[in-house]
Enquirer: 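This is the structure I have questions about; it appears just below.
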Amino acid sequence: MADLPISKEAIREQFGPHLKFDPPGGWDAAAAAPDQLVKTHCCFCGQGCGIQLKVKDNQVIGFEPWEDFPFNEGKLCPKGVKRYMQGSHPDRLLYPLENKKGVGYERVSWDAAYERTVSAIRDIQAKHGKDAFAVLSGVSLSNEKSYLIGKFARVALQTKNLDYNGRLCMVSAGTGNKKAFGVDRAANSWADILETDLILCAGTNISECSPITTDYIWKARDRGAKLIVVDPRITPIARTADLILPVRPGTDSHLFNTILNLMIQDGKIDHDFIREHTNGFEEVLNAVAGYTPEECEKVTGVPAKSIRLAAKWWGEAKKSFLLHARGIEHHTKGVDNVLSCINLVLATGRIGRAGCGYATITGQGNGQGGREHGHKCDQLPGNRDITNPEHRKFIADVWGIDEKDLPGKGLSAQEIMNAIHAGEIKGLLLICFNPAVSLPDSLFTEEALKKLEFFVVIDFFMSESARFADLVLPGSLHEEDEGTATTAEGRVIRIRQAVTPPGEAKIDWHIFCEIAKRLGKGKYFPYNESEDIFNELRVASRGSTVDYYGITYEKIEKNKGIFWPCPTLDHPGTPRLFEGGKFAHPDGKAKFNPVVYRPSADEINAEYPIYLTTGRVIFHYLSGTQTRRIGFLTEECPEPYLELHPALAEKYRIAEADIVRITSRRSSIELKAKIVKTIRPDTVFIPYHWPDKQSANRLTQRALDPLSKIPEFKFSAVNIQRVDPQQGAAHAKR
Ligand code: SF4
C-alpha cells in the first residue's frame, strides 16, 4: 500500500490542489489508515477498470490500484482516480424531498414519499391506461438493477413504456451486431488487440473516452501494428496513427463502402470464408459497386489516395482488429454505418481468431449488461425479443405471470419524451438518467418534463432533470450495493459494497421492491439480497444468446470476471466469439447487409453552413452529474467550449477565447472559442457534459435512426458568430 498522507498539505496534494470541500470523512479520517480495502470497479465508463477503495468509518476515503485485475492492471484515468470523492460530497441526497408548489423542496418521510408515488401511479393508470406511466432508467446501474427495473415496469406497473439511457449510447452497434452476427457483444476480448497487425478505429476518441484501451493499442503498435483512424477530429489517438481519414460528419458509410469496393476490385477478399461462413455477399457486392474513391473524396472530404491506401492495408493485412464507437453510431444512419464497418470485417474473414476481431466500445459503465437484461423497450432478459411469442412465454414463466399480462414493445427514450410532450404519457419514474442534459433538443425536453402530472426521480445527486420532479428519492451510489456489471469486452465483473448509503438514502432495488409491494405485487419481488436477483437473472438468460446461467458471484470473484456466454456451471466463459466461423444466427452463418449511403437529417445550407459534432472530454462523464462535482475534474475542464479550425476562425474573425454564438435550427448557445488545427475546417466540436445555457444539446436534433432509435448527436447544421466584446463580458459573469 502506498504511504498515507500525513499532513493537510499532503492530503490536499492527493485530493487535488483545488479541493472544494473537505475530504471524505474529514481531514483526520483521510490521514488515518483505512479499515479495509475493497476490490471493486470504477463506476464510470464501460471499461470497468478494477480499483481498490479505501474505506474508513463507513466512508470511502481514497483508493489503491488493483494491479492484478487483468484488464487495467492498476491503471486508471483521471475520472477513476477521483471517483471516490463523490460519496461524501455535500450535495449527496440524504432524504426524500417533495416539491411543494410555491415552497420548493421539503424533506418528507419515506412512508409519505412511497404513498404519494403509489397513489399517483394508480390515479394516472386508472385515468389514462397502464402505458400512460413510463419508466426511464440508466446503465450506470448494475445487471441486477437493470433486470429488476425491467421486471418492475412490466410486472408491477404493467407498462410497455420502459427504456434507458443506453438508447443514447450503444443501440446502433447492438442492432448492427444482431443483424450481422446474431448476437450483441464485442466479438473479442481486448487481449486480441495485442496480437493484431492492423487496427482501424472509426469514430472513437479512444484516448479520452476509453483511455485504458489506448494501452492495448500502443502495445500492439510496439509489436509493429499499423493504425488507421477515421474521425473528423485529429483526436489524441489519431495523432499517433499511420493513416488518418478525416471524414466529414455523417459520411462514414460512403467511406466504408468505397474501401470495400476497392478491396473487391483488387481481389483482396476471402472468398472461402465468405462462401462457407456468411450469407448475403452478392447483395453487398452489388450495393458497393458504384462507390469510387473520387466520388468518395467529394462526399467525405477524405483524399482519394488515402482511401486507396486504407483499402490496400485493410485488404492485405494478415491480422486486423476494427473498433468503433459513438462517432459512427450517433446518426440517423448509425446502424448503416455499423453494418458497413462489419462488411469490411466479414469480407476478409478476419474474425474469431487470435489477433483478428471486431469490437464496438461500450461507453457507459454497464452499457453492455444494461442492454442485455431487459430495461430496453423492445427486449426481455437474455436479449430476448419482446415480440417473439416463445421468448415472451419463457420470461413470463420465469416471472410466474401469464404471458398475456406481459406488455408488448414500448416507446424508446426519445419517443417517450415526445409522448410526454404530446400529453400522451402523464407520469414518469426516472432513475440514474439525466434527460434534461442528455437528450437532444434540450429546451424541448424541459418543456416536456414540466408537463408531467407526476414525476418521481431516484438518484444520489439533484440532477438537472430532478429539478422538474414532484418527488426526489435518495438512491444508492455504485459503492453502496453488491452486484455485477458487464464490461465493453463482455466480461461480467463483481461490484462490491464498500459502504452503506448515508442518511436515509436507500439501496435502489429496495425502493423498487417497496413500491411493488405497495402496489400489491410484492410476491413477484421476494429478494433478500442482490445475489437473489442475479440468480433469477441467470435463469432468465438461460438458453439465450446472452447466457449467464453458468456465472455465479463466487466464480466471478475467483476468476476476476467471466465472459458470457457461459451456459453451464463448469463452463469457463467465452472471451472470443465466433471461433471456427460459427456465428449466432440459427444457420451458424454471419450476414452481410447492403448499405446505401444517404444524407443526414439536418441540412447544411447557406444559413447553417457548418457541421457541428459533439462528444466527451477525458475529465467528465456523460451529463456531468458526478464529475462536475469533483473539484480536480472541474478545475481541469471547467466549462464547455467551441473547438474550431484556424481557417474557420479567420473566416468568422474569431480569436482564441472570444465568445461565439452557435445557432442551430433548435436554439443558440454562447461559448468560448478554442482554436485548434486538429479538426476539419468545415466542422466544429462541443463537449456535451454541461446543462442549460452551456448545453450542446440545446443545438442537437431529435431525428432518430429508424432501427436503433438513437438520436443524431454527431451531426447538426449550425452557424457561428463572434459575440460583441461587451456581451462577451456579460457571458464571463454568468
Ligand atoms: Fe477506467 Fe473508464 Fe473508470 Fe477511466 S472512467 S478509470 S477508463 S473505467
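As the structure lists them, so they are numbered: ligands from 1, and atoms in each ligand from 1. When reading the values below, keep in mind they use all heavy atoms of this one structure, side chains included, and skip hydrogens, waters and symmetry mates.
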Enquirer: Who pairs with Thr40 by side chain to side chain donor-acceptor pair (under 3.5 Å), at least two apart in sequence or on another chain?
Expert: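 Partners of Thr40 under the side chain to side chain donor-acceptor pair (under 3.5 Å) test: none.
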
Enquirer: Is there a side-chain contact between Leu53 and Leu37, using heavy atoms and a 4.5 Å cut-off?
Expert: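 Result no, sub-4.5 Å side-chain heavy-atom pair not found.
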
Enquirer: Can you name the one residue among Gln368, Lys376, His375 that meets side-chain hydrogen bond (donor to acceptor under 3.5 Å, both in side chains) with Glu372?
Expert: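 With Glu372 as partner, side-chain hydrogen bond (donor to acceptor under 3.5 Å, both in side chains) holds for just one option, Gln368.
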
Enquirer: By residue and atom, what protein N/O/S atoms are less than 2.8 Å from atom 2 (Fe) of ligand 1?
Expert: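 For atom 2 (Fe) of ligand 1, the protein N, O and S atoms that sit under 2.8 Å away are Cys45 SG.
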
Enquirer: Out of the candidates Glu479, Glu480, Glu557, only one should pair with Arg496 under the salt bridge (Lys or Arg N to Asp or Glu O under 4.0 Å) rule; please name it.
Expert: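 Of the listed options, the one satisfying the test is Glu557.
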
Enquirer: Could you walk me through whether Glu144 and Ser530 pass side-chain hydrogen bond (donor to acceptor under 3.5 Å, both in side chains), step by step?
Expert: CA-CA 7 Å; Glu144 290 76 358; Ser530 297; over 6 Å; no

Enquirer: Would you call Arg223-Asp197 a salt bridge at under 4.0 Å N-O?
Expert: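 Answer for the salt bridge query: yes.
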
